[in-house]
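Report on the structure given below.
Letters A, B, ... are given to chains in the order of the sequence lines, protein chains preceding strands, and every chain is numbered from 1. The figures that follow rest on heavy atoms only: side chains count, while hydrogens, waters and symmetry mates do not.
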Amino acid sequence: MESLSNKKKQLEIKPLNFWERAYLPAIAKGLSITMSHFFKKPVTIKYPEEKREFSENFRGMHSLKRDEQGRERCTACGLCALSCPAEAITMTAAERQKGEEHLYREEKYAAVYEINMLRCIFCGLCEEACPKEAIYLDGDIVPSDYLRKDFIYGKDKLVEAPLNQ
Amino acid sequence: MELIDLLIKIALIIVIFVISLVVAMYSTYAERKIAAFFQDRVGPNRAGPWGILQPLADGGKMFLKEEIIPTNATSFLFIVGPSLAILTACIGSAVIPWGQNLEIGGRVIPLQVTDINVGILYIFGVVSLGVYGIMIGGWASNNKYSLLGAIRAASQNISYEISMGLSIIALLMVTGTLSLGEIAKQQHGFWADGYFSWNVFKQPLGFLLFIVCAFAETNRSPFDLPECETELVGGYHTEYSSMKLGFYLFAEYINMFISSAVMATLYFGGYNFPFMDLIHSPNLVAILGVVALFIKIFMFIFFFMWVRWTIPRFRYDQLMDLGWKTLIPLAIANIVLTGIFMTFFK
Ligand code: SF4
Ligand code: SF4
């Protein structure tokens, strides 16, 4: 039958000739190939010291942003947690008190905001869901650690450094 | 034998023992580095500069790992296996001539532990004992994979020992002696009587057969079927852990070192190097000879590793085919050809 792509190729299976059966020429060829690699520059990137260049839309660790006056943008609406396919985000909301206007932009803010980095799949849906432009995945690779509990990142690790620093 | 001679012998034995262990230790490092270079990687580089403390770290890890003897294993034989493997690996070095005699203060110090007149037979005996370590260990583990690995090791070593022995016979016809010291002496310099003096030029086919068999005897790739991880988990050392496993792995590297030394001595002139007659101080010649021998040994070790990271493993039936249907007939033909050559041209 005619094959659809017309790319069918009939292979000929010949018995091995003497030199092929003697292995040695093939072995010598293989040895010369590996030897040519011996002097090539290694392609290894020695990770913690050297880093591969990230692409522009690389999604790394999350950061919770501040606005121009250094106030936290997040209003604890929970949309990010809702959109998260891995259910990695939890938060506790609190009401802004008098005198805290310089800390939080909206009347409601996240007192606790935690992302479990072991659950997160870095899909970036939280970033897309956020109405306040409060969360971005613009950080580095999440570093390794020894204990599971240390992968639950709280506000101390997520919130951007204050402006005046 | 005088006391001082005895002390010198003991010192020599200790030095050789330490050297074989250090060489084996750093062969593990070299293997990983060389493998890395062949695969465009950098290899171990964290422990010390360029990772040169890696073997120490590996050894320390081996010592500190938990010692496990499976419930159903025969515990006595389970321990005897690796002990025998490492023992036979270490005693092979006794008959290798490491250099010419040194002369210090009127005393002649031979750089060979013992020059018995059946040196080659001794090496053969030790090599064939070596397989018992693997066999006993694999059998005592009471595990299917270990047993299969052990059976493979045994049948492979037996098949390849034959062609190894036959390839040696042709060499013996040329040299006329079984003593390794004598064979090394005969290959003096590089050029003698209008021909190369090294045996590899007199026995090229014999050397080829010998090196193929040496790969098989040391269980190195492409003949590493006894520990073939894709089929047999870990082969004969599947059940082993901690330093007992370390001994098995270590024995492989010592074996590689010793068989490189044997090949260098039998075929590549041993401690002889070209233009050695131009140097007049005999002690300097002896020391340079030791250096030359070690350079040859390291080249062989490099070759072992080069082959390992190039050639895929043979299938078991191909291995047996190669051993029985190719190498043995070739070895016999080599003997006949050597005989004809010696009768008509000498
Ligand atoms: S990146 Fe995706 S998985 Fe990670 S927290 Fe955001 S929504 Fe969840
Ligand atoms: S980060 Fe954005 S989406 Fe998530 S709770 Fe805060 S404001 Fe809402």
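For V307(B), the parts lying under 4.5 angstrom from a heavy atom of chain A are both the backbone and the side chain. Within the 4.5 angstrom heavy-atom criterion, only side-chain atoms of L24(A), from C-beta onward, approach chain B. Interface residue Y23(A): only side-chain heavy atoms are found under 4.5 Å from chain B. Looking at L208(B), only its side chain comes within 4.5 Å of chain A, counting heavy atoms on both sides.
Separation of the F39(A) and F38(B) ring centroids does not fall under the 6.0 Å cut-off.
Summarising the local packing, CD of E53(A) is surrounded by 12 or fewer heavy atoms from other residues, nucleotides or ligands at distances under 6.0 Å. Heavy-atom contacts from other residues, nucleotides or ligands closer than 6.0 Å to CE of M35(A) number more than 12. For F38(A), the CZ atom counts as densely surrounded, since its 6.0 Å shell holds more than 12 non-hydrogen atoms of other residues, nucleotides or ligands.
The shortest side-chain heavy-atom distance between R46(B) and K46(A) falls under the 4.5 Å cut-off. Considering only heavy atoms from C-beta on, L31(A) comes within 4.5 Å of F303(B) through its side chain. Side chains of I27(A) and T310(B) form no contact here, defined as non-hydrogen atoms less than 4.5 Å apart.
Residues T44(A) and R41(B) share a closest heavy-atom pair of OG1-CA, 3.4 Å.
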* When you look at W309(B) and T34(A), which way does the side chain to side chain contact (heavy atoms under 4.5 Å, CB included) test go after all the steps? -> CA-CA 8 Å; W309(B) 297 104; T34(A) 42; 5.7 Å; no
